[in-house]
Protein chains: 2
Amino acid sequence: MPTPARTSLEQIVKAGRDIVETDGIDGLTMQSVAARVGVRAPSLYKRLHGRNELLRLVANDAAAELTRDLESAADGKDARRDLASLASTFRRFAHANPGAYSLIFAPLPDDARADAGWSVRASAPVIDTTERLAGTDHALEAARTVVAWANGFIAMELAGAFRLGGDVDRAFDYGIDRLGVAIDTGAVTHARATRRS
Amino acid sequence: MPTPARTSLEQIVKAGRDIVETDGIDGLTMQSVAARVGVRAPSLYKRLHGRNELLRLVANDAAAELTRDLESAADGKDARRDLASLASTFRRFAHANPGAYSLIFAPLPDDARADAGWSVRASAPVIDTTERLAGTDHALEAARTVVAWANGFIAMELAGAFRLGGDVDRAFDYGIDRLGVAIDTGAVTHARATRRS
DNA sequence: ACCTGAACACCGTTCAAGT
DNA sequence: ACCTGAACACCGTTCAAGT
């Protein structure tokens, strides 16, 4: 006698997104997800191969959302503004979804990581923008510089690693401004003009 | 009848350093450390309060080593060279001790984190150098920009997040060069001179 | 004073049995 | 076809008992 399905992959992933925010990656267990969708842990194995696939599906779901955000962050008018807008979008997503954010970038086994395709798609608007600033030859390196910085800044922020006081928001604004200048091949920086700013 | 000690905190921390490199943070368990020092897991509670303290002691040990490395990386002659040297030291430590590195910067509970004192000491040579480049007013923000970038770059590198090909070493060199220019208030960048380099 | 086995409450995962 | 309890091998942690 067939039994009607009591849950679905979609529900499971949604539950996973919720749990990773409240209890972190370690709290995202087969049992906690099962409990939230109203089944027992072994039943989840009907829909996924194990916890690593659960992590991967949740990471993919979050990566898709972040990618959508990034794809609508740049309007193509002012490259420096677009760069700042992309960085802010990144940070806003991390603040709104710290659990999912750390899941996307956590050093996990390959079968628990978000699909490579998302990384490629999410990179596109960033590379488009850095190409306008640094030129085709340096677009990829410049994109890596900006993403590494944004990612590192946010990771340290979320981990509470900024322990020396000071204004963290201002440090973020300072960073993206300086990076914009740094990778902008067309920019001419006059030391005297900015020294007292 | 007193029983002679069969291990020591020092031995335990050393074992922890070894295990975190071979098996990662998740592999750094009370049982794996106990087995390596030749006792049973409950015996470790004679010397530390639990796993979080074990993680903290191992993180402190690694942070002390990284701090020593950083303190001898800058010679005070050329600030831009010192900045590059500090970044390379950072990256070299991470490549040689990926497990310890990820432990130091992992988002863990407060009682499992390295002592704040190490973060302050390790920051000093970086802030000294950024102060020479960006001036007193922006030294801290500039240091945060550089550390966030280095940290983010290395984290993405260790996590295998650079999936778009290209030369990762070159991207690191590009990044530190551009950051040096970016925070160097005294630098005058002539677009035409660098555009074809 | 230190070490231990046993116990407890958790994990992920497998599987035979139930509907 | 889906769900379940029971089982197994792991965790961290506590504690009474052993030397």
Side-chain angles (χ1 to χ4, degrees), chain A residues 1-59 99 102-103 106-113, chain B residues 1-59 99 102-103 106-113:
Chain A
M1 269 299 176
T3 308
R6 230 165 280 182
T7 183
S8 65
L9 247 192
E10 199 185 347
Q11 244 192 84
I12 290 168
V13 171
K14 185 134 191 57
R17 283 290 301 266
D18 290 343
I19 290 170
V20 81
E21 297 308 336
T22 53
D23 302 326
I25 297 177
D26 289 348
L28 185 49
T29 68
M30 296 296 276
Q31 311 207 15
S32 65
V33 170
R36 184 173 270 250
V37 300
V39 298
R40 300 287 186 167
S43 299
L44 298 179
Y45 289 80
K46 283 282 146 182
R47 318 202 188 277
L48 35 83
H49 291 103
R51 183 171 183 257
N52 280 353
E53 185 169 353
L54 172 65
L55 296 181
R56 189 169 62 77
L57 292 174
V58 175
S102 66
L103 181 60
L108 295 171
D110 275 353
D111 62 344
R113 305 273 309 287
Chain B
M1 270 297 177
T3 308
R6 230 166 279 182
T7 183
S8 66
L9 246 192
E10 200 187 346
Q11 245 191 84
I12 289 169
V13 172
K14 185 138 190 54
R17 283 289 300 266
D18 290 344
I19 290 170
V20 81
E21 296 309 334
T22 54
D23 302 325
I25 297 177
D26 288 346
L28 184 49
T29 67
M30 296 297 275
Q31 312 209 15
S32 66
V33 169
R36 185 174 269 249
V37 301
V39 298
R40 300 289 185 166
S43 300
L44 298 180
Y45 289 80
K46 282 282 146 181
R47 319 203 188 276
L48 34 82
H49 292 103
R51 183 171 183 254
N52 280 353
E53 184 169 353
L54 171 65
L55 296 182
R56 190 170 60 79
L57 293 174
V58 173
S102 66
L103 181 59
L108 296 170
D110 275 353
D111 62 344
R113 305 273 311 285

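The structure displayed is predicted, hence computed values, not measured ones. Keep in mind that the numbers below use all heavy atoms, side chains included, and drop hydrogens, waters and symmetry copies. The chains referred to below are lettered A, B, ... by the order of the sequence lines, with proteins before strands, and numbering in each begins at 1.
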**Request:** Provide the Watson-Crick or G-U wobble partner of C:dA1, both distances under 3.5 Å; none if there is no partner.
**Result:** D:dT19

**Complete:** If pairing means Watson-Crick or G-U wobble with both distances under 3.5 Å, then the partner of C:dC8 is D:dG12

Would the distance check show the side chain of [X] and the main-chain N or O of [Y] forming a donor-acceptor pair, the cut-off being under 3.5 Å?
| X | Y | result |
| --- | --- | --- |
| B:Arg51 | B:Leu28 | yes |
| B:Glu21 | B:Gly99 | yes |
| B:Arg47 | B:Thr7 | yes |

Picking from [options], which would you name as closest to the side chain of [X]?
| X | options | result |
| --- | --- | --- |
| B:Thr29 | D:dC3, D:dC11, C:dC2 | D:dC11 |
| A:Gln31 | C:dG12, D:dC3, C:dT4 | C:dG12 |
| B:Thr3 | D:dA1, C:dC11, C:dA1 | C:dA1 |

**Request:** May I have the step-by-step check of side-chain contact (heavy atoms from CB on, under 4.5 Å) for A:Met30 and A:Leu54, ending in yes or no?
**Result:** CA-CA 8 Å; A:Met30 296 296 276; A:Leu54 172 65; 4.1 Å; yes

**Charged N-O contact under 4.0 Å between B:Asp111 and B:Arg56** = no

In this structure, how many angstroms lie between the [atom2] atom of [N] and the [atom1] atom of [X], rounded?
| X | N | atom1 | atom2 | answer |
| --- | --- | --- | --- | --- |
| A:Met30 | D:dC10 | CE | C1' | 16 Å |
| B:Ile12 | C:dC2 | CD1 | P | 12 Å |
| A:Arg6 | C:dT19 | CZ | C1' | 10 Å |
| A:Asp23 | C:dC10 | CG | C1' | 14 Å |
| B:Asp111 | D:dG12 | CG | P | 15 Å |

**Item:** Positions of residues 40-54 of chain B (non-hydrogen atom under 4.0 Å from DNA chain C), listed by number
**Value:** B:Arg40, B:Pro42, B:Ser43, B:Lys46, B:Arg47

**Request:** Could you tell me which non-hydrogen atom of B:Leu44 sits nearest to which non-hydrogen atom of B:Val39, and how far apart they are?
**Result:** CD2-CG2, 4.1 Å

